[in-house]
Amino acid sequence: MFDIVKSCLYLFSILFLTLSIFWVKKNDRKLNAVSYFLISVWTVMCYQLSVAVLVDTLHIGVSIVSVGIMNYALALGCTFYTIYKRERQKYEIHIFDILVLLVLAGIAVFWGGSQFGWKFDCFNYQSSVDCSRHLIYAREVAVKHELTVSLPFMAVNTGLFFEAMYAFIVPYRDIHLILMTDVIMLFFAGAMFWTLVRCKLNTKLLLVMGGVASVFYMMGYPLNNMVFGTSYLGAGMTLSVVIFGLISRYESGEIKKNYFCTTLIIALFSLLKTYSLFFPIVLISVIVYFGVKYIPRKFEKTLKFIPFILTGLFLACQIAICIVFKFFYSEIPPLSALGEWGYMYSSFFGDFVFLLPFILYRIVNCYKTKKWPFDFIMGMFMIAYIVAFLYACYLGKVSPYYYYKNYYLFWAIAFYMMLEVISSCSKEKLEFIVIYCLSVLGIWFFVFTGIEAVFEEKSEINGQTLNYELNGRLLFRLYSWNFERAKEEA
């Protein structure tokens, strides 16, 4: 009975803290309720990580009791602040947001059931080593109440979830919970991307295109992450999108400086403790973005030099990483881990072919208009990062396993750039882009609805071979790879 009460109090602390952050005043105008509720959920997850690291450093057990107490402390603080200021954030709910989230949830559950079985009892991952380790790390938090891994974001949040569920599941099997957690994280990947792009979608056409893009984004590298069972990589990818969204909303004037700075610091610390490979590039992008944004206000003469300064920084970042791998690789022990091999999906550039026109147009247009948004800066640094890793891979200092992990974050940037181009183009260009997108979608449906296979089957019956390799799937290799392996053993 005591365990049930303890678990209920902890679960209520999460809800209480999420709502208290949700109601904190961020702006005088009404904001999107769905977007900010999702942001509040991830803020709570980041806060729980920070608390767990703190109490572990103080040699206090990381448990639903210790973390739950700190959840209540912050929740009460936010609530009292809201009451004292007599200000509560006002929101508006849009039906289309709910419809998109329902579609994303349905797709996540479908692929979860396909991969793990509809009873969620099939431990079916492409990388059994990674997912087994993550299960062990979560169990150590749930049972031993200690952090035994250097990147504990998923271990903390999953482990606390395990511990809270102990009292309700008899006989207890946490294998069901780890599989459900991965499905939830897949849903969050799509939902947070929708949250990121939502403020750019101001017409019915753009809303539909944004919803479709969110679905295809989620079924790409985020689904690939679930297929492999590398939850820490997926969490790092989604957390980077959360940081991106916070910056976008702050720059549009949706959130106040105090709220933004606090959540940004917690999110950056969480990214460091989630997936450290993404942390340097996200951090330097944030620093350079705000530097470019605010330094020219003090030194107006530097405005005309910004294109050269930024280009120099992108190249300097790339060259510096190349030099480190070429000459100082052996002197920096953590870098040797990047040479370790592992099983990973790999496609050198094929997955970005249809997105490439949008990426290049966005980059060229930013230089042409001399506007330096965050997606441009992060995209350019990400390209420099990938090229430097490619060189290190050529030298044999970085394995393809770690090289291709950079593509997961670049996937999010590429999709955002696509929607940014679509949302800002003229009516004439929009017509062309819509036709282009419909053409790609048409080919996708031709391949994955089985129409291509039907043509081949009928031609073989008639003694001919039209397309025996069904090579249309090569145009969408990432999706084809995901769909085949997500139900390989289920």
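What you see below is based on every heavy atom in this structure, not just the backbone, and it leaves out hydrogens, waters and symmetry mates.
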(request) Apply side-chain contact (heavy atoms from CB on, under 4.5 Å) to the pair Phe476 and Phe483, showing each step before the final yes or no. (result) CA-CA 11 Å; Phe476 308 98; Phe483 298 167; over 6 Å; no

(request) Can you establish whether the number of heavy atoms outside Leu76 located under 6.0 Å from its atom CG is more than 12? (result) yes

(request) Measure the spacing between CG of Asp375 and CZ of Arg362 and express it to the nearest 0.5 Å. (result) 4.0 Å

(request) Measure from the side-chain N and O atoms of Gln115 to the backbone N and O of Tyr125, and report whether any donor-acceptor pair falls under 3.5 Å. (result) no

(message) So does Leu177 get a backbone contact from the side chain of Thr181, meaning a donor-acceptor N/O pair under 3.5 Å?
(response) yes

(request) Taking the six-membered ring for Trp and the full ring for Phe, Tyr or His, determine whether the centres of Phe37 and Tyr91 are under 6.0 Å apart. (result) no

(message) Run Ile363 and Ile383 through side-chain contact (heavy atoms from CB on, under 4.5 Å) and show every step you take.
(response) CA-CA 11 Å; Ile363 292 171; Ile383 292 171; 4.0 Å; yes

(message) Using only atom types and a distance under 3.5 Å, with no angle test, would you say the side chain of Tyr407 pairs donor to acceptor with the backbone of Phe348?
(response) yes

(message) When you compare the side chain of Ser347 with that of Leu478, does any pair of heavy atoms fall below 4.5 Å?
(response) no

(message) Distance check, rounded to the nearest 0.5 Å: Thr195 atom OG1 versus Leu101 atom CG?
(response) 7.0 Å

(message) As a quick check of understanding, evaluate side-chain contact (heavy atoms from CB on, under 4.5 Å) for Val447 and Leu475, giving each step before the final call.
(response) CA-CA 9 Å; Val447 171; Leu475 292 169; 5.7 Å; no

(message) Strictly distance-based, threshold 3.5 Å: is any side-chain N or O of Thr158 a donor or acceptor partner for the main-chain N or O of Met154?
(response) yes

(request) State whether Lys200 and Glu420 are salt-bridged, where the test is any N-O pair (Lys NZ or Arg NE/NH1/NH2 against Asp/Glu carboxylate O) under 4.0 Å. (result) yes

(message) Among Tyr275, Phe278, Phe153, which residue satisfies the ring pair (Phe, Tyr, Trp, His ring centres under 6.0 Å) criterion with Tyr232?
(response) Tyr275

(message) Could you measure the distance from the CZ atom of Phe358 to the CZ atom of Phe352? Nearest 0.5 Å is fine.
(response) 14.5 Å

(message) Taking the side chain as everything from C-beta on, heavy atoms only, tell me whether Leu147 gets closer than 4.5 Å to Glu140.
(response) no

(request) Answer yes or no: is there a donor N or O on one side and an acceptor on the other, between the side chain of Ser114 and the main chain of Trp111, under 3.5 Å? (result) no

(request) Without swapping roles, check the side chain of Thr238 against the backbone of Ala235 for a donor-acceptor pair under 3.5 Å. (result) no

(message) If I take atom CG from residue Leu11 and atom CD1 from residue Ile64, how far apart are they, to the nearest 0.5 angstrom?
(response) 7.5 Å

(message) Would you say Gln89 and Tyr36 are linked by a side-chain donor-acceptor pair, where the criterion is simply a distance under 3.5 Å?
(response) no

(message) For the OH atom on Tyr394, are there more than 12 heavy atoms of other groups (residues, nucleotides or ligands in this structure) within a distance under 6.0 Å?
(response) no

(request) Could you note down all residue pairs passing side chain to side chain donor-acceptor pair (under 3.5 Å) where residues 39-53 supplies at least one of them, sequence neighbours left out? (result) Tyr10-Gln48, Gln48-Asn71, Gln48-Asn157

(message) With a 3.5 Å distance limit and no angle check, can you tell me whether Ser66 reaches the backbone of Gly61 through a side-chain donor-acceptor pair?
(response) yes

(request) Starting at CZ of Phe415, measure out to CD1 of Ile359 and round the result to the nearest 0.5 Å. (result) 10.0 Å

(request) Look only at the side chain of Asp182 and the backbone of Met226, and say whether a donor-acceptor pair between them is shorter than 3.5 Å. (result) no

(request) Measure across Ala414 and Leu355 and return the closest heavy-atom pair with its distance rounded to 0.1 Å. (result) CB-CD1, 3.9 Å

(request) Please find out if less than 6.0 Å separates the ring center of Phe228 from that of Trp481. (result) yes

(request) For residues Ile39 and Arg249, determine if any side-chain heavy atom of one lies less than 4.5 Å from a side-chain heavy atom of the other. (result) yes

(request) Considering non-hydrogen atoms only, spot the tightest contact between Asn225 and Ser231 and give its length. (result) OD1-N, 4.1 Å

(request) Give a yes or no on this: more than 12 heavy atoms of other residues, nucleotides or ligands lie within 6.0 Å of atom NZ of Lys256. (result) yes

(request) Taking all heavy atoms of Ala142 and all of Phe162, pick out the closest pair and write down the distance. (result) CB-CB, 3.7 Å

(request) Check for a donor-acceptor pair, side chain of Thr262 on one end and backbone N or O of Tyr259 on the other, with a separation under 3.5 Å. (result) no

(message) I'd like to check Leu409 versus Phe244 (side-chain heavy atoms, cut-off strictly below 4.5 Å). Are they in contact?
(response) no

(message) How close do Val34 and Asp97 get, counting heavy atoms only, and between which atoms?
(response) CG2-CB, 3.9 Å

(request) Run the numbers on Tyr385 and Phe389 for ring pair (Phe, Tyr, Trp, His ring centres under 6.0 Å), then give the verdict. (result) CA-CA 6 Å; Tyr385 203 52; Phe389 266 65; 4.8 Å; yes

(request) For the residue pair Tyr391 and Lys326, establish whether any side-chain heavy-atom pair is separated by less than 4.5 Å. (result) yes

(request) For Tyr401 and Tyr343, run ring pair (Phe, Tyr, Trp, His ring centres under 6.0 Å): C-alpha distance rounded to whole Å, both residues' side-chain angles, the deciding distance at 0.1 Å, then the answer. (result) CA-CA 7 Å; Tyr401 176 72; Tyr343 180 36; 9.2 Å; no

(message) A side-chain contact here means heavy atoms from C-beta on lying under 4.5 Å apart; do Tyr345 and Val227 qualify?
(response) no

(request) For side-chain contact (heavy atoms from CB on, under 4.5 Å), just list the numbers for Phe376 and Leu310, CA-CA rounded to whole Å, side-chain angles, deciding distance to a tenth of an Å, and then say yes or no. (result) CA-CA 11 Å; Phe376 164 78; Leu310 283 176; 4.2 Å; yes

(message) Can you give me the closest heavy-atom contact between Ile255 and Leu246, atom names plus distance?
(response) CD1-O, 3.7 Å

(message) I need the minimum non-hydrogen distance between Pro152 and Leu49, along with the two atoms involved.
(response) CG-CD1, 3.7 Å

(message) Rounded at 0.5 Å granularity, tell me how far CD1 in Ile243 sits from CZ in Phe279.
(response) 8.5 Å

(message) Has Arg477 got a side-chain atom pairing as donor or acceptor with Ser346's backbone, closer than 3.5 angstrom?
(response) yes

(request) Check whether any side-chain heavy atom of Val141 sits under 4.5 Å from a side-chain heavy atom of Glu163, and report yes or no. (result) no

(message) I'd like to check Ile175 versus Phe123 (side-chain heavy atoms, cut-off strictly below 4.5 Å). Are they in contact?
(response) yes

Taking distance alone, no hydrogens or angles, what donor-acceptor pairs closer than 3.5 Å link side-chain atoms of residues 209-224 to residues at least two apart or in another chain?
residue: Ser214; atom: OG; partner: Gly210; partner atom: O; Å: 2.9
residue: Tyr221; atom: OH; partner: Asp351; partner atom: OD2; Å: 2.9
residue: Asn224; atom: OD1; partner: Tyr408; partner atom: OH; Å: 2.4
residue: Asn224; atom: ND2; partner: Asn482; partner atom: OD1; Å: 3.0

